[in-house]
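See structure below.
These values consider heavy atoms only, across backbone and side chains, with no hydrogens, waters or symmetry-generated copies. Chain letters run A, B, ... following the sequence lines, proteins first, then strands; residues in each count from 1.
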Amino acid sequence: MEKTYQPEQIEIRWYERWEADGRFAPSGEGEPFSIMIPPPNVTGSLHMGHAFQDTIMDTLTRWKRMQGRNTLWQVGTDHAGIATQMLVERKVAAEEGKTRHDLGREAFIDKVWEWKHESGDHITRQLRRMGASVDWSRERFTMDEGFYKAVQEVFVCLHEEGLIYRGKRLVNWDPTLHTAISDLEVENRDQQGSFWHFRYPLADGVTTDDGKDYLVVATTRPETLLGDTGVAVNPADPRYASLVGKFIELPLVGRRIPIVADEHADMEKGSGCVKITPAHDFNDYEVGKRQDHMLINVFSKDAAILERAEVYNFKGQPQPDVDPTLPAMYAGLDRFEARKQIVADMDALGLLEQVEAVNNTLPYGDRSGDVIEPLLTDQWFVAVESLAKPAIEAVENGDIQFVPKNYENMYFAWMRDLQDWCISRQLWWGHRIPAWYDAEGNIFVARTEQEAREKHGLGADVTLTQDEDVLDTWFSSGLWTFGTLGWPEKTPELETFHPSSVLVTGFDIIFFWVARMIMLTLKFTDEVPFKTVYVHGLVRDAQGQKMSKSKGNVIDPIDLIDGIEIETLVEKRTGNMMQPQKAKAIAKATRQEFDGGIEAHGTDALRFTFLSQATTGRDIKFDMSRLDGYRNFCNKLWNASRYVLMNAEGEDCGAEFDNDKSSEVELSLADRWIISQLQKTEAQVTKAMEEYRFDHASQALYEFVWNEYCDWYLELSKPVLWDAEANDAAKRGTRRTLVRVLEAILRLAHPMMPYISEEIWQRVAPMAGTFKGTNDSIMVQPWPQAEQAKVDEQATLDIEWLKGVIIAVRNIRAEMNIVPGKPLDVMLAKGRPEDQSRLESNRLFLSKLAKLESVTWLANPDDAPLCATQLVGEMEVLVPMADLIDKDVELKRLVKEIDKQDKLIGGIEKKLGNEGFLAKAPEAVVEKERGKLKDFQAARKLLLEQHEKIQAL
RNA sequence: AGGACCAUAGCUCAGUUGGUUAGAGCGCCACGUUGACAUCGUGGAGGUCGGCGGUUCAAAUCCGCCUGGUCCUACCA
């Protein structure tokens, strides 16, 4: 073995080997366990969030596989409608100077497929680097033929049931992308805005009670004035009671609009009068509906002012009787231009009463960054109410459980206030909506045009055109758990692996995806999509900032694995930016944070870091120093293995002797102890994994490997192995323990650190007798199970004693500035009989580990010469110091120690002096305190004696 | 405005049903390298558990209020 751990030499090799050996496919045996990967964007690349998520999924998958479950980790990607289309549009623009419209729909779609083929395996390659044990043979893409079939089936069925409908409704419209987006794709940002107060003249010579001939309405969006259909006042507002039923003459437009009473108007706010614009505001839409107003749309798809308004009733029917005339001077003006102009014109008319500065929030499209406009358009919707009910129940009754549990509240809150879901998108890349129209605009929904004709008896003479729009990507990913398994066919995979066992996902897409999956899956399979939802937090940068390309603080997980030069990193972060003006600052910050670039750490160290930070659903600040630390841990494990191999390879490791009582194999105290500790660790790690506490699982492993196996057991093995006089059975016992415990460690580690564990296991397993032929792999070994019978409490106590004495001697060395290598003569005094017997049976270990010349039991403590002392329980560890002792230093140390004991004693005495405590605390607690008091007092007494002795010098 | 979550060592975080001498890693200080590992070893310093109040014999842990932070939902006519 190499002297240091070098991940790059082993990782790719092992992944290729596993894949070639078909290790990732379900075994076909055992109780099924399945995880469906949240499909990443097919043309995307792996970011830290993916890497984190994939680590968790792979750890669960490998763990369950080792537990003998029939394990499927289903892999695949989604087509990411808007994101991919935008990317290809930009690419086409850059390369050919053309828009998608120049190319036409078909040619453009070809371009997207080309791009998919070109870049589509990037993310899957990265998944492989992460060690993901996904079943590549079952890889799915949402735009695959088979998956499309599932999408059509669902659409048609829902439509037949009346749960999908088409309607003219207000949607969040992205004027840049020219498509509807869901409210989840809208980002609300705070900003400084203006609040314009306008005077709306009363028609027909009417005046207010206080004699004014106008009402004041305020708005943050003056340009919508053109679409006003009325002014609302609160029905209980005495100020305007006399005006209800009267009219306003809408300025600039000249339209007569009614004053209506509606509870939407808040008497406390502003003047108490609200302008109503049903076609441009979600609240006003509701008011307009109640008041039987028209919908007057004044915006084009670009959010520019129309020449003539479009007028509809609330059924979406055009209203030719309403005069659609709009002022000519605004026609074609962009909404923000129009706003300026309208404000200026109102001012000129003396109708601008005041402009107030306000803090408000504005909706932005998370893709385009443009301000979202509520716009009246024809869209397809899913009526979610009847779907939501069972979806809520599934979580309420525990069929689906969230981990951590508090996310269930977030889910309920959203589900109980659900709007119908707009599923059509005005894009080209996606699942085309399976609906056809005849010349009159009649709608025929079917799986194919052929079916549409047959179903509705349409002759060949009827021209049908398919709906131009595509479906929201989340509509198709909502079918992911069962669509990937072959639905609507009744496949054996569907039978076996659905419902899936766990969904691992970020909280940010609970609404987007999780909720919709639950609704659609229950509807179409009568099963939940998954039994558990493990929700993890966001991976943030070291400062706690969200990682984003525009901030220039993203880290490519692959760069943490392979390392990256600083110049390459700067280039990567500042190249191809949307906002190039930020490049300089980003370069500077990057150079500051990653001075010498990033070193290679390997996949296992990265995975272990993620796991150790995976606490209960909170965000994680990615910490480079922890990554360093876990790479060191890999190295530690590597070197411990090196030691084991050096001492065991080619030697008799007793693999064939299974009976520990056999005279052929003799186990030392240390052997029994480490075996005992291993059982506890196995139990701990398993429990932690069951509870999704990967931080606890990784920590339990780390502590056992480093602080017990390496720090103590390996050291304790040396005296046995290097003792020329030790018998063969003892050596065999120690070698066997070294090897078997290491082999178990590797199996415990494997789900978390697949590569290093496999690499070492290949060398260790043959000696441990667990290797079954040349093609064997740790991936299919049984998960370690704690055996209660091997827990040896006596051995634990004995080793604790031994460690205590060794540490006491080390302490004395440090206190007295004695070099670590100098052999010492040590005496043990006071204490109990078992202390003496422990000394006799551990003399060898003690001498070697504490580097002692001699160690003797002092029957009469008064015989002790002048010594430095330490306490182990009630026993004193004495190192004769003769004239070497520094009186002042030692006195000071003792005083400090005595003070410490005094404080402890004081605390307990106070407790025990409290009658309430004695009366009400459980007896066991009281007893424990009494015991502690006794110990502390005994320690204090010894320290005091020692102090007096030295004082007397 | 409503809600959720968070606040523990210089940093990143654990701390299960109240009873621990409040822990880990990293960092820091001192010492140390012939026999697995300097990606290391040994020893050490460092915390009034955000603040105030309450419940209790006992609070980092339970309750209330406050402060600071993150996020979500709503509103902003």
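With a 3.5 Å ceiling on both atom-pair distances, the Watson-Crick or G-U wobble partner of B/A24 is B/U12. B/C62 is paired with B/G54 under the Watson-Crick or G-U wobble criterion, all donor-acceptor distances under 3.5 Å. Figure legend. B/A30 is base-paired to B/U42; pairs are counted as Watson-Crick or G-U wobble with both atom distances under 3.5 Å. Across all strands shown, B/G47 has no partner, as no Watson-Crick or G-U wobble contact with both distances under 3.5 Å is found. Remark: B/A7 base-pairs with B/U67. Criterion, Watson-Crick or G-U wobble with two distances under 3.5 Å. Nucleotide B/G2 is matched to B/C72 when pairs are restricted to Watson-Crick or G-U wobble geometry with both distances under 3.5 angstrom.
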If you apply the rule side chain to side chain contact (heavy atoms under 4.5 Å, CB included), what do you find for A/Ile760 with A/Met1, and how did you get there?
CA-CA 9 Å; A/Ile760 299 170; A/Met1 284 175 92; 4.2 Å; yes

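Taking atom C1' in both B/A60 and B/U8, one finds a spacing of 7 Å when rounded to whole Å. When the P atom is used for both B/C6 and B/G44, the distance is 34 Å, rounded to whole Å. Nucleotides B/G15 and B/A24, compared at atom P, are 15 Å apart to the nearest Å. Straight-line distance between the P atoms of B/U20 and B/G25: roughly 23 Å, to the nearest whole Å. B/U12 and B/U17 have their C1' atoms separated by 28 Å, given to the nearest Å. The gap from the C1' atom of B/U16 to that of B/G54 amounts to 25 Å, rounded to the nearest Å. Between the P atoms of B/A74 and B/U21, the separation comes to 50 Å (whole Å). The P atoms of B/A7 and B/G50 are separated by 8 Å, rounded to the nearest whole Å.
Residue contacts shown for A/Asp266 include a base, since a base heavy atom lies under 4.0 Å away. Among the heavy atoms of the strands lying under 4.0 Å from A/Gln613 are primed sugar atoms or P, OP1, OP2 only; no base atom is included. At the heavy-atom level, A/Glu2 lies nowhere under 4.0 Å from the strands shown. Using a 4.0 Å heavy-atom cutoff across all strands shown, A/Lys903 reaches no nucleic acid atom at all. Among the atoms of the strands shown, none is found under 4.0 Å from any heavy atom of A/Leu645. Here A/Lys848 lies out of heavy-atom contact (under 4.0 Å) with every strand. Residue contacts shown for A/Ala921 include a base, since a base heavy atom lies under 4.0 Å away. Within 4.0 Å (heavy atoms only), A/Phe195 reaches sugar-phosphate atoms of the nucleic acid but no base atom. Nucleic acid contact for A/Cys710: base, since at least one base atom lies under 4.0 Å from a heavy atom of the residue. Using a 4.0 Å heavy-atom distance criterion, A/Val358 is classed as making no nucleic acid contact. Heavy atoms of A/Lys275 sit under 4.0 angstrom from primed sugar atoms or phosphate atoms, though from no base atom. Residue contacts for A/Ala265: at a heavy-atom cut-off of 4.0 Å it reaches a base atom on one of the strands shown. Counting non-hydrogen atoms under 4.0 angstrom, A/Trp706 reaches the backbone sugars and phosphates but no base. Within 4.0 Å of A/Arg693, counting heavy atoms only, lie sugar-phosphate atoms of the nucleic acid but no base atom.
The CZ atom of A/Phe917 sits 13 Å away from the C1' atom of B/G18 (whole-angstrom rounding). When rounded to the nearest whole Å, the span between CD of A/Glu815 and P of B/A30 equals 17 Å. Between the CZ atom of A/Phe694 and the P atom of B/C13 there is a distance of 18 Å, given to the nearest Å. Note: CD (A/Glu897) to P (B/A45) measures 10 Å, nearest angstrom. Taking atom CG of A/Asp541 as the reference point, atom P of B/U12 lies 12 Å away to the nearest angstrom. The CG-P distance, from A/Leu918 to B/G19, rounds to 19 Å in whole Å. Residue A/Ile620 contributes atom CD1, which lies 19 Å from atom P of B/U70 at whole-angstrom precision. Spacing between atom CG of A/Asn188 and atom P of B/U73 amounts to 7 Å, rounded to whole angstrom units.
Side-chain N/O atoms of A/Thr361 and base N/O atoms of B/C76 include a donor-acceptor pair closer than 3.5 Å. Taking only distance into account, the side chain of A/Ser625 never meets the base of B/C11 through a donor-acceptor pair shorter than 3.5 Å.
Tested against A/Arg693 for a side chain to side chain donor-acceptor pair (under 3.5 Å), the candidates A/His696, A/Glu691, A/Glu690 yield a single pass: A/His696. A/Trp706 pairs with exactly one of A/Tyr702, A/Phe704, A/Tyr709 by the ring pair (Phe, Tyr, Trp, His ring centres under 6.0 Å) rule, that one being A/Tyr702. With respect to A/Gln291, the side chain to side chain donor-acceptor pair (under 3.5 Å) criterion is satisfied by exactly one of A/Asp262, A/Thr229, A/Asp284: A/Asp262.
The aromatic ring of A/Trp722 stacks onto the base of B/G35, its centre lying under 5.5 Å from the centre of the six-membered base ring with the two planes under 30° apart.
Applying the 4.0 Å criterion to OP1 and OP2 of B/G32, one finds that A/Lys822 has every side-chain N and O outside that range.
The six-membered or imidazole ring of A/Phe608 lies near that of A/Tyr630, with a centre-to-centre distance under 6.0 Å.
Checking side-chain atoms of A/Asp541 against main-chain N and O of A/Asn553 turns up no donor-acceptor pair under 3.5 Å.
With rounding to the nearest 0.5 angstrom, the OH atom of A/Tyr643 is 7.5 Å from the CD atom of A/Glu715.
Side-chain contact of A/Ser182 with A/Glu185: a donor-acceptor pair under 3.5 Å is present, judged by distance alone.
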